[in-house]
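Proteins come first, then strands; the chains are lettered A, B, ... in the order of their sequence lines, and each starts at number 1.
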Amino acid sequence: MTDTSPLILWFRRDLRLGDHPALTEACAAGRPVIPVFIHDQVVAGQGAAPRFRLGLSVAALRDSLKGKSSGLTLRKGDALEVLRALVKETGATAVWWSRLYDPDAKARDTAVKAALKGDGIDARSFAGHLLFEPWDVETKTGGFYKVYTPMWKAVRDTDIRATLPVPGKIPAPDTWPASDNLDDWRMGADMRRGHDVVLSHCTMGEAAATSRLGAFIAHRVADYATARDLPGVDGTSGLSENLTYGEISPHACWHAGQRALHDGKGEAEVFLKELVWREFAYHLVHHTPRIVSGNWKEDWDAFPWNTDARRKEVQAWQQGRTGIRFVDAAMRELQVTGRMHNRGRMIVASYLTKHLMTDWKIGLDWFAEQLIDWDPASNAMGWQWAAGSGPDAAPYFRVFNPVTQLEKFDKGGAYGKAWLAEEYAKPSGTALQFYDAIPLQWNMSPDDAYPDPIVSAEDGRKAALDAYEKRGF
DNA sequence: CTAGACTTATG
DNA sequence: ATAAGTCTA
């Protein structure tokens, strides 16, 4: 007798219908599929902006499931308790999901899987978030890669499975379990900045992500290698906010990049390399989970970071009023859009950790609160890379000069103009949006005089290099 | 064991 | 020109 009991599909960071291995297999099982999203302890532990953006993504998934005559059941609470309740209510005998790799998600999923299996449930995790499972990529000596380039060389010619189509039909159960109302969750309502402003810069959902990838491949990938480095130019893919919630799969991005490469767009290889940076970050977080919370190189624990997150230099950094134009422009871009150009991320991280001698965890926490494209692995790797405590060789070259960097990468001044309002006769619209996005207490106005540097590029560099020399390890 | 390499840099 | 150090083959 064939099994016709329902199957629960637990969505987390895989909020799409296309190229979704767990969903594809569930639909092929010939049983009713009950898609579920749980506002659980891991979701609740995320920053306000990531939760805000997640809410938009969940809404988009709910709508596309409805369009397939399916639906999305929303529940709030401890993941295991919710799943057990749903199993009981629906008679489901299976709970499937796409695997995650960061410590919070792994701890939850390991416990959930063990408990459900103990209940006799077919609890199963599928690949889908990554091109390469972290345990499938090894150095010749049997370890995981701690340097990016050798990993890239090891994986670049690997055959990546083809993408899977959106299932033609998602079998529905006879009766749907009760669902919370998404609006009642007020996801990210605690975000201390202008929601409308941030929303106007979001591009959410699977359909939008797919067209964004298409537009990038059609118009921008050919100049990607150079244009992606210029913060004042729209030269990046912008896909980070979609990848982080799985609105598009890395496989779809990979194959689109490969096709561009074969069509003679040689710079597409740089895009493929960026996708592998994302893989690298996840492999690191899987093999060394402490990367999200402590110095990856443990001898950096002895380094005298300033750990006071409330001091005025840190506030100036957060509020985009350090008096260093590149730093302030980038921090304001973050406040307004919930994202930041990658060169900006490197510059503000270098300034916070070197010139201001501040513990990178303070920067990581601020990003985790502010970014709509927050990713647990990339954020941790990026901050530790910038700070010098991370898994990369020769960090001593990494004291960026934020003044010469702006001269070099923003020659026409477009980036400064886009995000700084003071001392421009006619500030740009985005620079003015900043003042609608900030909390009142910041007490900033476009009519303010632009501040003098709190720490100059030269003094900060010297202080950082002196501290490295004295560090005694 | 040792040579060669190491994302985005600085002066 | 440089290299305060570490990883990979």
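- One atom, CD of Glu458(A), and another, P of dG11(B), lie 8 Å apart when rounded to the nearest Å.
- For dT8(B), neither phosphate oxygen OP1 nor OP2 lies less than 4.0 angstrom from any side-chain nitrogen or oxygen of Arg345(A).
- The side chain of Lys146(A) lies closest to dC7(C) when the candidates are dC7(C), dA9(C), dG11(B).
- Aromatic ring centroids of Phe303(A) and Tyr468(A) lie under 6.0 Å apart.
- Taking every side-chain heavy atom of Leu465(A) into account, dA4(C) is the closest of dC7(C), dA9(C), dA4(C).
- If you take CD of Glu298(A) and C1' of dT6(C), they are 16 Å apart, rounded to a whole angstrom.
- The CZ atom of Phe400(A) sits 6 Å away from the C1' atom of dT8(B) (whole-angstrom rounding).
- Here the P atom of nucleotide dA9(B) and the NZ atom of Lys354(A) are 12 Å apart, to the nearest Å.
- Among the heavy atoms of the strands lying under 4.0 Å from Arg228(A) is at least one base atom, whether or not backbone atoms are also near.
- Glu247(A) has a carboxylate O that lies under 4.0 Å from a charged side-chain N of Arg53(A), or vice versa, which qualifies the two as a salt bridge.
- When distances are taken from the side chain of Thr404(A) to each of dT8(C), dA9(B), dT10(B), the shortest belongs to dT10(B).
- Side-chain proximity of Pro150(A) to the nucleotides dA9(B), dG11(B), dT8(C) is greatest for dT8(C).
- Atom CZ in Phe326(A) sits about 11 Å away from atom P in dT10(B), given to the nearest Å.
- Searching all strands for a Watson-Crick or G-U wobble partner of dA3(C) with both distances below 3.5 Å returns nothing.
- The pair Asp410(A)-Arg343(A) fails the salt-bridge criterion, with no side-chain N (NZ, NE, NH1 or NH2) lying under 4.0 Å from an Asp/Glu carboxylate O.
- Aromatic ring centres of Tyr351(A) and Trp317(A): separated by at least 6.0 Å.
- For dT8(B), neither phosphate oxygen OP1 nor OP2 lies less than 4.0 angstrom from any side-chain nitrogen or oxygen of Gln405(A).
- Between Trp152(A) atom CH2 and dC7(C) atom P there is a gap of 23 Å when expressed in whole angstrom units.
- Atoms NZ (Lys153(A)) and P (dC7(C)) sit 17 Å apart, rounded to a whole Å.
- Closest to the Lys297(A) side chain, of the nucleotides dT8(C), dT6(C), dG11(B), is dT6(C).
- Using N1 to N3 plus N6-O4 or O6-N4 for Watson-Crick, or N1-O2 and O6-N3 for G-U wobble, each under 3.5 Å, dA3(B) pairs with dT8(C).
- Distance check on atom C1': dC7(C) versus dA3(C) gives 15 Å, rounded to whole Å.
- Separation of the Trp10(A) and Trp97(A) ring centroids falls under the 6.0 Å cut-off.
- Of the candidates dT8(B), dA9(C), dC7(C), dA9(C) carries the atom nearest the Lys140(A) side chain, counting heavy atoms from C-beta on.
- Met381(A) has its CE atom 12 Å from the C1' atom of dT8(B), to the nearest Å.
- Distances from the side chain of Asn401(A) to the nucleotides dG11(B), dC7(C), dA4(C) place dG11(B) closest.
- Between Tyr468(A) and dA3(C) there is no side-chain N or O to OP1 or OP2 distance below 4.0 Å.
- Take Glu369(A) and apply the side-chain hydrogen bond (donor to acceptor under 3.5 Å, both in side chains) test, not counting sequence neighbours, and it matches no residue.
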